[in-house]
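To start, the structure itself, in structure tokens.
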Amino acid sequence: EVQLVESGGGLVQAGGSLRLSCAASGFTFDDYGIGWYRRAPGPGKKREGVACISVSDGSTYYEDSVKGRFAISSDNAKNVVYLQMNSLKPEDTGVYYCIAAPRTGYGCYDPNYVDYWGQGTQVTVSS
């Protein structure tokens, strides 16, 4: 059974930091890119790709608004991916979903190419 289990969400003030973790199981970790999408609150908001990492070669993708503030990393021995989020802003608020997508990379920003989704963890940044 495929599982992506997120942890580390919570409430933080603007300018603060959080670290999200995603523990993966049930599939071959090295064959995938692992990353994070988020859905902002409000009607009609779509999930957007935030960051992802190719487990096999360590290459990364970041959405423009988080570049320089977020850092994604993987612990391949533990099948865990981390998202370190610094200098958080209220607009970073949302539900963050861990994803696994084929190594083509499209799944980093196109949800149609994502194979697996976690249940999500809430991140709230207060102003």
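Quick caveat: nothing in here was measured; it's all calculated off a predicted structure. Count residues from 1 along the sequence.
Counting Ile, Leu, Val, Met, Phe, Trp and Tyr side chains that sit under 4.5 Å apart, directly or through other members, V95 shares a hydrophobic cluster with Y37, Y97, I99, V114, W117. With side-chain heavy atoms closer than 4.5 Å counting as contact, directly or through intermediates, the hydrophobic cluster containing Y61 also holds Y106, Y109, Y113.
For the pair L88 and L18, the tightest heavy-atom approach, listed with the atom from each and the gap, is CD1-N, 3.8 Å. Taking each heavy atom of A14 and S127 in turn, the nearest pair found is CB-CA, 4.4 Å.
Between the NZ atom in K78 and the OG atom in S25 there is a gap of 15.5 Å [rounded to 0.5 Å].
Linking ILVMFWY residues whenever their side-chain heavy atoms come closer than 4.5 Å, directly or via other members, leaves V5 and V2 in distinct clusters. The cluster map of Ile, Leu, Val, Met, Phe, Trp and Tyr, joined by side-chain heavy atoms under 4.5 Å apart, puts V80 and Y116 in different clusters.
Within the structure, ring pair (Phe, Tyr, Trp, His ring centres under 6.0 Å) pairs that include any residue of residues 64-89 do not occur (at least two apart or interchain). Here disulfide bond (SG atoms under 2.5 Å apart) pairs that include residues 65-127, with residues two or more places apart or in two chains, are C22-C98, C52-C108. Listed by first and then second residue, the disulfide bond (SG atoms under 2.5 Å apart) pairs that reach into residues 65-94 come to none, sequence neighbours excluded. The list of salt bridge (charged side-chain N to carboxylate O under 4.0 Å, His left out) pairs with a residue in residues 39-59, not counting sequence neighbours, reads R38-E48.
Residues passing the side chain to side chain donor-acceptor pair (under 3.5 Å) test with E63, sequence neighbours excluded: S65. A24 is linked by a side chain to side chain contact (heavy atoms under 4.5 Å, CB included) to L4, F27, F29, counting only residues two or more places apart in sequence or in another chain. Every residue meeting the side chain to side chain donor-acceptor pair (under 3.5 Å) condition with Q84, not counting sequence neighbours, appears here in chain and number order: N86. Listed by chain and number, the residues in a salt bridge (Lys or Arg N to Asp or Glu O under 4.0 Å) with R69 are D92 (sequence neighbours excluded). Checked against side chain to side chain donor-acceptor pair (under 3.5 Å), Q3 has no partners two or more places apart in sequence or in another chain. Every residue meeting the side chain to side chain donor-acceptor pair (under 3.5 Å) condition with T124, not counting sequence neighbours, appears here in chain and number order: Q122.
Residues T93 and V123 fail the side-chain proximity criterion, which asks for heavy atoms closer than 4.5 Å. When side chains are defined from C-beta on, D115 counts as touching P102, because their heavy atoms get closer than 4.5 Å. The shortest distance between side-chain heavy atoms of M85 and L20 falls below 4.5 Å.
Between the E6 side chain and the T121 main chain, no donor and acceptor come within less than 3.5 Å of each other.
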